[in-house]
Student: 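Attaching a single structure in structure tokens format; questions to follow.
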Number of protein chains: 2
Amino acid sequence: MDTALSKALVVFSERGYHGASLAELRAAMKLATGSLYKAFADKRAIFLATLDHYIARRDRQLRERVDAQHSGRDKLEALLQFYAESASDSEGRRGCLVVTSATELATLDAEAAAKVRAALRRVETLLRDLIRLGQADGSIRAELDAEIVAGALFCVIQGLRVVGKTGRAKREMTSVAKQAAALFA
Amino acid sequence: MDTALSKALVVFSERGYHGASLAELRAAMKLATGSLYKAFADKRAIFLATLDHYIARRDRQLRERVDAQHSGRDKLEALLQFYAESASDSEGRRGCLVVTSATELATLDAEAAAKVRAALRRVETLLRDLIRLGQADGSIRAELDAEIVAGALFCVIQGLRVVGKTGRAKREMTSVAKQAAALFA
DNA sequence: CCTTTTAGGAAACATTCGTTTCCAAATCAA
DNA sequence: TTGATTTGGAAACGAATGTTTCCTAAAAGG
């Protein structure tokens, strides 16, 4: 099932909810119509399951990356690198389901919209907390406004995913991520 | 006609190409079916006309903002403020047609995709040129890598538009824009 | 090996959407 | 005022899409 949702993720990330047809989803998930509707009530249910699966996986991967570092600053840099890599090459071109869904926010129902907003909020909150951690452990200047710097970094991250859609190399995205560190230099 | 395209812009920006139906476009543009198909060959033609109209208007507005300043640094700050304002409040929630289209890039035809890419490239090129201008007139440090800083600022801008979709106040977005100036401080 | 269960997948159906057709109403120009 | 032109907008049509139904084939279990 996780495999099928991973395949559905590619279709939804590339094409958005409305641009993804049941035919494309079926083909990618390698499931017949009967099986698909056995497992999911409808297209919206597939989308919500895919979104949940994606958010959970990304949160886990991000936590692992961040937890591998010690200081607030190192954690932040690891986080930026994590997003730079995700936004590069073919993975970058596929895009991020949360960002894609954010641009379609007006067309999603309340449940889906709430999930997207919550996912975005968690990342921004994590950024702010990491900045504060860095300020507490001395790796980041205490005079920075954690809220505003987090907001700026958050925009960099979302921007990486949008720009990544047009196809960018890892080296370039990594440079951008490193440059973004100037926001908390 | 410009008025009708402005109305179509709202629908396409909020909902994306696939999420926008002919019924919604007709209602927003206040045109009957007969008139709509008299003016445009099909939905795709409406979209392309809307995109052209939007890109031209935004380029013009941006040029005006930037040309009102003198130093490279002031021009960059004006540019960032321009985007911060666009990404705020109800206009921000509506979104940017270019960013929305960038996330749907995989589903657009070659002509539309080329227009989106060109629009994005122009902004990034302008950023780089303004950084170099600032480095030449002494308002921006000469040792900065214009290419990389432009890339980072470009991500901030795209990120502002994505985040703006979730509804953010002008004050907050202005703070982020001002913070982003640290990238060329 | 046989029975039960599950999945494949085509066909049918319903709905939505985009486009075309057509005619009445409104507007414009002489 | 009349004739010509344009627009409104409903209906019809074709296509695409999402969902349901149904039956065969494959897989699983006893």
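Because only heavy atoms are used, hydrogens play no part in the values below, and waters and symmetry mates are left out as well, while side chains stay in. Keep in mind that what you see is a predicted model, and the values were worked out from it rather than measured. Letters A, B, ... mirror the listed sequences (proteins, then strands); counts begin at 1.
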Student: List for me each residue that meets side chain to side chain donor-acceptor pair (under 3.5 Å) alongside B/His18, sequence neighbours excluded, and say none if there are none.
Tutor: B/Thr107
Student: Without hydrogens or angle criteria, can the side chains of B/Gln81 and B/Glu77 be said to hold a donor-acceptor pair below 3.5 Å?
Tutor: no
Student: Between B/Lys170 and B/Glu91, is the salt bridge (charged side-chain N to carboxylate O under 4.0 Å, His left out) condition met? List the steps.
Tutor: CA-CA 10 Å; B/Lys170 184 174 171 179; B/Glu91 186 185 348; over 6 Å; no
Student: Between B/Ser35 and B/Arg26, does any side-chain donor sit less than 3.5 Å from a side-chain acceptor?
Tutor: no
Student: Nearest-Å distance, CZ (A/Phe40) to P (D/dT19)?
Tutor: 13 Å
Student: Rounding to a whole Å, what distance do you find between A/Lys30:NZ and D/dA26:P?
Tutor: 19 Å
Student: How are the rings of A/Phe47 and A/Phe12 set to each other: parallel, tilted or perpendicular (split at 30° and 60°)?
Tutor: perpendicular
Student: Round to a whole Å and report the spacing from CG of A/Leu36 to P of D/dT20.
Tutor: 11 Å
Student: Starting at atom NZ of A/Lys38, determine the distance to atom C1' of D/dT19, rounded to an integer number of angstrom.
Tutor: 16 Å
Student: Show each protein N/O and nucleotides 16-19 of chain C N/O combination with a separation under 3.5 Å, one pair to a line.
Tutor:
residue: C/dG18; atom: OP1; partner: B/Lys43; partner atom: NZ; Å: 2.7
residue: C/dG18; atom: OP2; partner: B/Leu22; partner atom: N; Å: 2.5
residue: C/dT19; atom: OP2; partner: B/Tyr37; partner atom: OH; Å: 2.8
residue: C/dT19; atom: OP2; partner: B/Lys43; partner atom: N; Å: 2.8
residue: C/dT19; atom: O5'; partner: B/Tyr37; partner atom: OH; Å: 3.3

Student: Compute whether any side-chain donor of one residue and acceptor of the other, for A/Glu24 and A/Ser21, lie under 3.5 angstrom apart.
Tutor: yes
Student: Which of these passes side-chain contact (heavy atoms from CB on, under 4.5 Å) with B/Ser13: B/Thr50, B/Leu97, B/Val98?
Tutor: B/Leu97
Student: Just how far, in rounded Å, is P of D/dG18 from CD1 of A/Ile46?
Tutor: 9 Å
Student: Taking DNA chain D as the partner, which of residues 102-111 of chain B come within under 4.0 angstrom of it by heavy atom?
Tutor: none
Student: So, A/Thr100 and B/Thr103: side-chain donor and acceptor under 3.5 Å apart, yes or no?
Tutor: no
